[in-house]
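Encoded as structure tokens, the structure appears first; notes follow it.
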Amino acid sequence: MQERYEHAAVERAAQSAWAETRAFAVTEDPKRPKYYCLCMFPYPSGRLHMGHVRNYTMGDVLTRYMRMQGYNVLQPMGWDAFGLPAENAAIKNGVPPAKWTYDNIAYMKGQLQQLGFALDWNRELATCQPAYYHWNQWLFLRMLERGIAYKKTGVVNWDPVDQTVLANEQVLDGRGWRTGAPVEKREIPMYYLRITQYAQDLLEELDRMQEWPERVRAMQANWIGRSEGVRIGFPYQLAGERRVLNVFTTRADTLMGTTFCAVAAEHPLATHAARNDPALAEFIEECKRGTAQEAEIAVMEKRGMPTGMFVTHPLSGEPVPVWVGNYVLMTYGEGAVMGVPGHDERDFGFALKYGLPIKFVIRPDGANAAEFTTREWRPEYSAYGVCVHSGKYDGLHYQAAVDAIAADLQAKGLGEKQVQWRLRDWGISRQRYWGCPIPLILCPKCGDVPVPDQDLPVVLPENLVPDGTGNPLNKTPSFYEVKCPQCGGDARRETDTMDTFVDSSWYFLRFACTDDDRAMVDERANYWMAVDQYIGGIEHAILHLLYSRFWMRVMRDMGMIQVKEPFARLLTQGMVLNNIYSRHAGDGRVEYFHPDDVEVQLDANGAQIGAKLRRDGQPVQWEGMRTMSKSKNNGVDPTDLVERFGADSIRVFMMFKAPPEDTLEWSDDGVEGSARFVRRLWRMVWEHVDRDGKTGVPRQELVALSPAQREMRRMAHATLVKVTDDYGRRRVFNTAIAAVMELMNALQKFDDASEQGRAVRHEAFELIVQMLGPIAPHVCHVLWKELGHADPLIDHPWPHPDPQALVQDRIEVVVQVNGKLRSKVEVGASASQDEIRAAALADATIQKWIEGKAVRKVIVPPGNKLVNVVV
RNA sequence: GCGAAAGUGGCGGAACUGGUAGACGCGCUGGAUUUAGGUUCCAGUGGGCAACCCCCGUGAGGGUUCGAGUCCCUCCUUUCGCACCA
């Protein structure tokens with residue numbers, strides 16, 4: 001064995017051994033328990049970032065651990081390959097998005113291989129391949145047949161320069177993020193998926209998903225947003241016809257306090273009223289144009305205009321004026337609200353501004369009878385309470401009032417209890433080139449005609465170069481000029497593509513059967529699904545994870561898959577941060593310096609007191625730890641690091657520095673520390689097997705071990721218990737590594753050259769190498785062989801602790817006096833509580849503490865590890 | 001405003017079921033090796049005290065308990081998500 005640890009050689013040896021035996025290719029095996037471990041697939045942006053490395057290392061640790069536990073483990077990898085950055089790169093460099101994407105994939109695949117992840121590359125897929133998106137199109141057509149997909153004209157953010165729809169997050173201060181052009185609201189026909197149909201089930205199932213983080217479940221529940229209330233109809237006459245204005249409210253108990261109704265600008269009633277009222281028409285236009293940022297809307301001034309129309313209060317029969325309000329959303333509830341200024345903050349402000357009457361009809365719980373008359377809003381106005389000034393409902397508390405009012409409304413045919421959802425249907429049309437074509441043909445005679453199944457996939461041309469002025473598909477007659485499949489006449493192919501979230505909504509199913517060109521999924525998907533462990537960033541807590549849950553339900557209802565929840569267990573890994581250093585110039589410009597170029601100044605304790613640029617020795621400002629980004633110049637490159645330290649050291653550092661869900665602060669010193677640890681492991685094994693010149697494995701005589709040898713052995717097995725629990729149950733890796741470090745520290749001090757001492761040491765090293773195998777697989781692969789094993793470590797069964805080794809003759813008992821640690825005594829492991837109590841009281845130190853005081857109680861809690869003497 | 005999480009040494013973190021606070025590592029200090037730097041090894045490292053077998057100490061204040069970082073109440077701070085959702 002070589003004395004020097006050379007990471008490049010070690011990693012080459014391990015990786016080629018795995019490659020030769022195709023070690024990570026898996027097939028379905030009904031005889032073995034399966035384990036599907038999946039990390040969210042990356043967008044091929046160019047290079048791996050450290051967040052990827054962290055994510056995939058976690059997945060790899062679990063994959064390798066479960067494999068050693070005897071599971072048939074699938075860990076695949078693919079590419080979320082459609083999307084905007086490829087188009088932007090194309091605009092900048094004049095290269096087709098396809099080429100840019102495939103080049104990036106090739107490079108990043110190399111990076112993943114460098115890191116030694118146990119991936120089954122036979123199952124690699126990219127969502128931009130026709131063989132993949134074929135099935136997006138196929139399933140979309142099935143959804144269309146079932147009414148789950150439908151076309152609707154909806155309001156979207158439109159960038160007039162780029163000629164495309166923008167997502168809400170792409171609108172900054174009312175302007176397009178790329179062009180800076182003021183964003184318009186446009187009504188555009190789009191395809192939607194009826195995710196709302198599954199709202200109830202998507203919400204209910206969350207309660208049972210105990211293996212998902214509470215946070216993610218809460219966010220999804222919030223997003224789905226179920227609320228129970230009452231739909232209330234306010235009748236009115238229009239052109240001699242009786243009509244009803246519906247509103248939705250969760251506070252039907254305040255109905256008698258209604259002094260106006262407000263409708264959204266897009267509401268039909270508003271449109272009708274504006275016909276003969278130019279001022280109102282203009283106001284409505286203004287509202288429609290208004291800002292697209294929801295956060296801004298929230299703080300926007302409440303404005304309105306009367307429509308001049310009146311509706312009738314359904315219970316009192318009084319006339320109620322109808323206003324158009326800019327704070328009413330067309331997309332929620334009925335697009336109209338009843339205005340109860342006495343008990344709703346928004347209505348209150350609105351009424352004050354426009355001089356509408358305010359009626360108080362609820363006396364909040366805990367308040368005295370006095371009415372609220374302030375001209376300033378108070379939170380208690382919207383509190384629950386009993387009805388007052390509400391005729392027959394007076395004295396009823398919230399729930400009773402709601403029940404009574406709903407019953408009366410129902411009797412009149414003017415309302416009923418109703419459940420409202422915040423969730424909206426998923427609009428999937430994008431006026432973008434680099435995405436999956438929507439398989440429809442727009443025929444002037446026949447309307448929207450689905451592309452026949454036998455003509456699928458509709459292949460996206462890969463050679464186009466967008467120039468920033470809209471979708472290049474619209475300038476490509478060879479793509480859009482088609483004949484109608486129904487009437488044979490001239491027609492135009494749909495040039496919108498699908499939202500890229502469609503691609504990622506089912507890729508985990510396809511990994512089971514990437515080679516199947518006849519069906520979207522087959523029986524193998526039922527073998528592998530559900531994903532047992534899914535790992536990815538918290539940023540996908542809602543969109544991707546909710547869409548995938550929806551998509552699975554659709555496929556299950558079509559009989560294509562048996563389970564409905566795609567991800568049994570979810571781990572949301574924390575972000576990777578690094579220091580940010582900057583200098584602010586007088587003219588407002590900021591220059592960012594890479595942490596490598598900055599020298600940190602410390603005080604005598606090692607506390608950071610300042611930082612300066614190495615180049616010029618002048619101070620720079622520390623802006624804290626934030627996510628790595630190009631703009632802040634604080635990224636680190638995985639490939640650089642692998643070359644400098646080796647993949648194993650990077651992996652150890654990533655797993656050791658923080659628990660999986662927490663943020664991880666990058667530190668070069670920390671990586672050095674991990675590299676030191678790996679080197680030390682190598683050197684200690686070398687000293688054991690080689691320097692001593694006795695490579696044979698001594699036979700271990702358990703009965704004849706000395707107390708020190710027994711203690712060493714006990715510690716090795718206790719560490720195994722701890723590490724197994726950390727991997728298997730707790731899913732934390734930092735403490736597992738810490739435990740192994742502790743064991744190594746003890747082993748270093750275990751200076752015993754006897755046959756038995758060497759045997760104990762040998763066993764300890766075997767355990768260490770097995771325990772670290774999932775985290776530092778390359779070095780452990782080689783050390784395992786050096787320890788005399790012919791079988792590859794990855795296939796060696798996970799070791800079991802020896803119960804004999806864990807037995808202790810004598811145990812240490814902590815002795816407290818009044819809850820404070822005062823002494824420790826050693827007793828036999830089988831000592832009774834009475835014996836322990838006696839030993840504690842007999843201890844000289846304890847004698848001093850209790851001298852002259854009355855011992856009131858002596859407590860020995862279960863476990864016999866502690867005694868508390870109460871005096 | 002609503003929802004979720006978190007506040008522990010100079011730093012990252014550990015303490016899992018209420019039972020030895022600060023494991024493990026980074027940094028720092030001293031020493032050995034080295035021509036030197038780096039590497040490696042040894043020792044020390046929460047604060048107070050000349051020192052301890054002492055006192056203090058887990059965001060603040062109160063409470064429960066033989067015993068509280070952990071449980072309860074009040075408050076403060078931070079991060080994240082949602083936000084005119086009627």
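Both backbone and side-chain heavy atoms feed into the values below; hydrogens, waters and symmetry mates do not.
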- Task: Between B:A14, B:C24, B:A86, spot the one nearest the side chain of A:Val337, thanks.
- Result: B:A86
- Item | Atom pair distance, as rounded to whole Å: CZ in A:Arg54 and C1' in B:G12 | 12 Å
- Between A:Arg217 and A:Glu214, is there a salt bridge with N-O shorter than 4.0 Å? yes
- Task: Counting heavy atoms from C-beta on, name the nucleotide in B:C82, B:A86, B:A43 closest to the side chain of A:Asn222.
- Result: B:C82
- How far, in whole Å, is B:U17 from B:U78 if one measures between their P atoms? 30 Å
- Write down the partner of B:U40 under the Watson-Crick or G-U wobble criteria, each distance required to be under 3.5 Å. B:A32
- Message: Taking the basic N atoms (NZ, or NE/NH1/NH2) and the acidic carboxylate oxygens, is any pair closer than 4.0 Å for A:Glu826 and A:Lys824?
- Response: no
- Task: Name the pairing partner of B:C71, where a pair is Watson-Crick or G-U wobble with both distances under 3.5 Å, or state none.
- Result: B:G63
- Closest to the side chain of A:Trp223, out of B:C82, B:G3, B:A43, is B:C82
- Item | d(NZ, A:Lys820; C1', B:U20) in whole Å | 14 Å
- Query: When the distance from CG of A:Asp669 to C1' of B:G25 is rounded to whole Å, what number comes out?
  - Reply: 11 Å
- Considering only B:C82, B:C85, B:G67, which nucleotide approaches the side chain of A:Asn868 most closely? B:G67
- Are any of A:Arg822's side-chain N or O atoms less than 4.0 Å away from OP1 or OP2 of B:C54? yes
- Message: Does A:Asn818 form a side-chain hydrogen bond (donor to acceptor under 3.5 Å, both in side chains) with A:Arg856? I'd like the steps, not just the answer.
- Response: CA-CA 10 Å; A:Asn818 286 346; A:Arg856 284 199 306 171; over 6 Å; no
- Rounded P spacing from B:A23 to B:G18 in Å: 23 Å
- Task: Taking atom C1' in both B:G69 and B:C49, compute the distance separating them and give it to the nearest angstrom.
- Result: 26 Å
- Query: What interatomic distance, in whole Å, is found between C1' of B:G12 and the corresponding atom of B:G27?
  - Reply: 11 Å
- Message: The side chain of A:Glu742 is closest to which nucleotide in this list: B:U40, B:A23, B:A86?
- Response: B:A23
- B:U8: pairing nucleotide in any strand, Watson-Crick or G-U under 3.5 angstrom: none
- Using the P atom on both, measure B:C72 against B:C54 and round to a whole Å. 32 Å
- Taking the P atom of each, how far is B:C84 from B:U74, in whole Å? 29 Å
- Using a cut-off of strictly less than 4.0 Å, decide whether A:Asn745 has a side-chain nitrogen or oxygen near OP1 or OP2 of B:G25. yes
- Note on the structure: A:Asn818 atom CG is separated from B:G19 atom C1', nearest whole Å, by 15 Å
- Message: Quick check for you: among B:G12, B:U40, B:C82, whose closest atom lies nearest to any side-chain atom of A:Glu665?
- Response: B:G12
- Is the phosphate of B:U79, meaning OP1 or OP2, less than 4.0 Å from a side-chain N or O of A:Thr663? no
- Message: OP1 or OP2 of B:A14 versus the side-chain N and O atoms of A:Asn734: is any pair under 4.0 Å?
- Response: yes
- Candidate nucleotides B:A23, B:U20, B:A4, ranked by approach to the side chain of A:Glu812 - the nearest: B:U20
- With the side chain defined as heavy atoms from C-beta on, A:Arg215 is closest, among B:A4, B:C85, B:A15, to B:A4
- Task: Determine: side-chain N/O of A:Lys657 to OP1/OP2 of B:G12, distance under 4.0 Å, yes or no.
- Result: no
- Query: Any salt bridge between A:Glu672 and A:Arg676, counting N to O under 4.0 Å?
  - Reply: no
- Query: Can you check the A:Asp725 CG to B:U17 P distance for me, whole Å?
  - Reply: 11 Å
- Task: Calculate the interatomic distance between A:Glu672 atom CD and B:G12 atom P; express it in whole Å.
- Result: 20 Å
- Look at the rings of A:Tyr727 and A:Phe733 and say which category their plane angle falls in: under 30° parallel, 30 to 60° tilted, over 60° perpendicular. tilted
- Between A:Asn578 and the options A:Met50, A:Met628, A:Arg626, the side-chain contact (heavy atoms from CB on, under 4.5 Å) test singles out A:Met628
- Query: Choosing from B:G13, B:G27, B:G19, which nucleotide comes nearest the side chain of A:Arg676?
  - Reply: B:G27
- Item | Minimum-distance nucleotide (side-chain atoms of A:Arg346 versus B:A86, B:C55, B:U20) | B:A86
- Query: Hey, is B:G9 sitting syn or anti, using the within-90° cutoff around 0?
  - Reply: syn
- Task: Take the protein atom NZ of A:Lys848 and the nucleotide atom P of B:C53, then report the distance between them rounded to whole Å.
- Result: 10 Å
- Rounded to whole angstroms, how far apart are CD1 on A:Ile224 and C1' on B:A83? 17 Å
- P atoms of B:A4 and B:C73, separation to the nearest Å: 14 Å
- If the P atom of B:C66 is compared with that of B:C80, how far apart are they to the nearest Å? 43 Å
- Query: Can A:Lys632 and A:Glu623 be counted as an ion pair, charged N to O under 4.0 angstrom?
  - Reply: no
- Message: Whether A:Arg422 contacts B:A86 is assessed here as follows: a side-chain N or O lying under 4.0 Å from the phosphate OP1 or OP2. Is that the case?
- Response: no
